[in-house]
Engineer: 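Supplied in structure tokens, the structure appears directly below.
As the structure lists them, so they are numbered: ligands from 1, and atoms in each ligand from 1. Worth knowing before you read on, the calculation uses all heavy atoms, side chains too, and leaves out hydrogens, waters and symmetry mates.
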Amino acid sequence: MWAELRPIGRDGGTRGYRRYAWTGADQDCRAWFRAQAEARGLAYEVDRNGNQWAWLGAATYEDVAAGEAVVTGSHLDSVPDGGAFDGPLGVVSAFAALDELRGRGAEFTRPLAITNFGDEEGARFGLACVGSRLTAGQLTKEKAYELRDADGITLPQAMEAAGHDPDAIGADPERLARIGAFVELHVEQGRALDLSGDRVGIASAIWPHGRWRYDFHGEANHAGTTRLVDRRDPMLAYAETVLAARREAELAGAVATFGKISVEPNGVNAIPSLVRGWLDARAADEATLDQVVDGIRKAAGEHADRHGIDLGVTRESFTPVVEFQHALRDELARILGERTPVLGTGAGHDAGILSASVPTAMLFVRNPTGVSHSPAEYAAEDDCAAGVLALADVLEGLACR
Ligand code: HGY
Ligand code: MN
Ligand code: MN
């Protein structure tokens, strides 16, 4: 499976992945998913929001009684220059776990589905987990229609160009009602398992997190002829805001990142008229996150005033804290052994979105460096194999007699 996925959407220079929603690379990943499903005799379907499903023991979700399905999967899209594992490890492991269970001769007493949720990273349209948010009713069709990529292409236009009917998108409670348990396996995006010496862990919670767009409006002018005192340079206010974000996060034990920026007119010899920066901020609890975000905004306002800059701040997304369901989490611990480590994470996941609607759990596989959202992201083959066996044990415990 890895050999087929490896070249898809990989940049020849950086060796990172650029698998953005509804692009050619994404279509190739989707074709791979469909082929994996069909090769295993699973019933394949795409839901109204473009998420892919492969069913064992049902032809479509409508065949499944309420709360009966056990579902596992993750996503195949990537951040800009992402690693091989964030997302795909969960999908590959799902198919491999099914193969393992068939090898064991396991008898399924509940329908099983393997999923690929669309547009988890939000690399193209700016909002993460679009596929699961739409399905769970946490993103309306109207709001989704407003999403645009950097070239001005709207989400519905991109969907249509890729052959998906954008008119169909929206909440899908009928489908979610069928799910009794959703388990997402994911590469760990930190070093907790490496430090504890464990191959596999169980998720406890996801930090609340969000994305804010900062627009610093100044005045374009000549870089050679404009006296420093006459400038309204938005880059200065932006730069001081980046430093303030670091300070606020440090004080609160949180994280805050300006990882994306756009500059107008973007000329070497022009003072910018506009600097637009995107803040990603996360903390262990919402009160702390509020405090950090408010602190950064206040600092940005002060720096903007001092440099004669007009500042606009827009919250583009917010995901509240997720505490995974204790009953399912405890069941996983019973299946995998009570000594399996239980850990929290600052990364967002479709499982976090779905947890508001269905019982949800996550498994993490050791990442020896903790690096993620980078071409250097890595997991060792024997740890991945341990992840597959753990997922197979969990699925057997949940879906087999
Ligand atoms: O950004 C995140 O935490 C996730 O990987 N989408
Ligand atoms: Mn990610
Ligand atoms: Mn992921």
Side-chain angles (χ1 to χ4, degrees), residues 5 9 16-21 26 29 33 51-52 72-94 115-134 136 138-139 147 182-190 201 203 205-213 249 254-260 278-284 289 315-322 324 343-355 360-367 369-379 384 387 391:
L5 278 174
Y17 288 97
R18 299 177 179 179
R19 296 166 174 165
Y20 308 143
D26 189 45
C29 288
F33 181 96
N51 307 305
Q52 295 179 296
T72 184
S74 189
H75 62 95
L76 294 173
D77 69 319
S78 80
V79 296
D81 284 332
F85 298 87
D86 177 357
L89 184 63
V91 182
V92 167
S93 298
T115 52
N116 166 33
F117 280 98
D119 200 0
E120 195 276 343
E121 297 287 8
R124 182 170 176 191
F125 296 101
L127 178 65
C129 300
V130 168
S132 55
R133 274 186 214 274
L134 280 167
Q138 294 176 29
L139 171 65
L147 295 172
F182 175 69
V183 182
E184 179 172 359
L185 178 146
H186 205 279
V187 67
E188 198 200 342
Q189 296 168 295
I206 297 179
W207 282 17
H209 54 282
R211 298 178 179 186
W212 289 261
R213 195 184 78 229
V255 288
T257 309
F258 278 95
K260 178 175 166 179
W278 280 263
L279 169 69
D280 176 310
R282 312 182 189 214
L289 182 56
R315 189 177 86 172
E316 292 197 334
S317 68
F318 183 77
T319 308
V321 66
V322 170
F324 286 110
L343 39 135
T345 176
H349 300 283
D350 295 309
I353 302 296
L354 296 184
S355 70
T360 300
M362 289 190 75
L363 294 176
F364 291 125
V365 170
R366 175 161 60 185
N367 176 334
T369 62
V371 171
S372 187
H373 286 187
S374 150
E377 180 184 79
Y378 179 69
C384 294
L391 182 60

Engineer: Please check whether His373 reaches ligand 1 - meaning an N/O of the residue sits under 3.5 Å from an N/O of the ligand, judged on distance alone.
Structural biologist: yes

Engineer: Restricting to N, O or S, what is the name of the atom of His373 that lies nearest the Mn ion (ligand 2)?
Structural biologist: NE2

Engineer: Would you check whether Gly346 has a nitrogen or oxygen atom less than 3.5 angstrom from a nitrogen or oxygen atom of ligand 1?
Structural biologist: no

Engineer: Mind checking whether Glu120 has an N or O less than 3.5 Å away from an N or O of ligand 1?
Structural biologist: yes

Engineer: Look only at interatomic distance and state if Arg211 has a nitrogen or oxygen under 3.5 Å from any nitrogen or oxygen of ligand 1.
Structural biologist: no

Engineer: So, Asn367 side chain and Val371 main chain: donor-acceptor pair closer than 3.5 Å or not?
Structural biologist: yes

Engineer: Compare all side-chain heavy atoms of Phe364 with those of Val187 and state whether any distance is below 4.5 angstrom.
Structural biologist: no

Engineer: Of all the non-hydrogen atoms in the protein, which one sits nearest to atom 4 (C) of ligand 1, and at what distance?
Structural biologist: Gly348 O, 3.3 Å

Engineer: Take His75 and Asp119 through the side chain to side chain donor-acceptor pair (under 3.5 Å) test and state the conclusion after the steps.
Structural biologist: CA-CA 8 Å; His75 62 95; Asp119 200 0; over 6 Å; no

Engineer: To the nearest 0.5 Å, what is the distance between OG on Ser317 and CG on Leu139?
Structural biologist: 10.5 Å

Engineer: Heavy-atom distances under 4.0 Å are what count here, so tell me which part of Arg282 touches ligand 1: side chain, backbone, both or neither.
Structural biologist: side chain

Engineer: Please round to the nearest 0.5 Å and tell me the distance separating atom OH of Tyr17 and atom CG of Leu5.
Structural biologist: 8.0 Å

Engineer: Working to 10°, measure the angle at the Mn ion (ligand 2) formed by atom OE2 of Glu121 and atom OD2 of Asp86.
Structural biologist: 90°

Engineer: I need the NE2(His186)-the Mn ion (ligand 3)-NE2(His75) angle, rounded to 10 degrees.
Structural biologist: 130°

Engineer: Which atoms of ligand 1 sit under 4.0 Å from any heavy atom of Ala347?
Structural biologist: 3 (O)

Engineer: So Gln189 and His373, do their side chains get closer than 4.5 Å, heavy atoms only?
Structural biologist: yes

Engineer: Among all residues two or more places apart in sequence or in another chain, which pass the ring-ring contact (aromatic ring centres under 6.0 Å, His included) test with Phe182?
Structural biologist: Phe117

Engineer: Geometry only, no angles: is Glu121 polar-contacting ligand 1 at N/O separations under 3.5 Å?
Structural biologist: yes

Engineer: Any sub-3.5 Å donor-acceptor pair from Arg282's side-chain atoms to Gly346's backbone N or O?
Structural biologist: yes

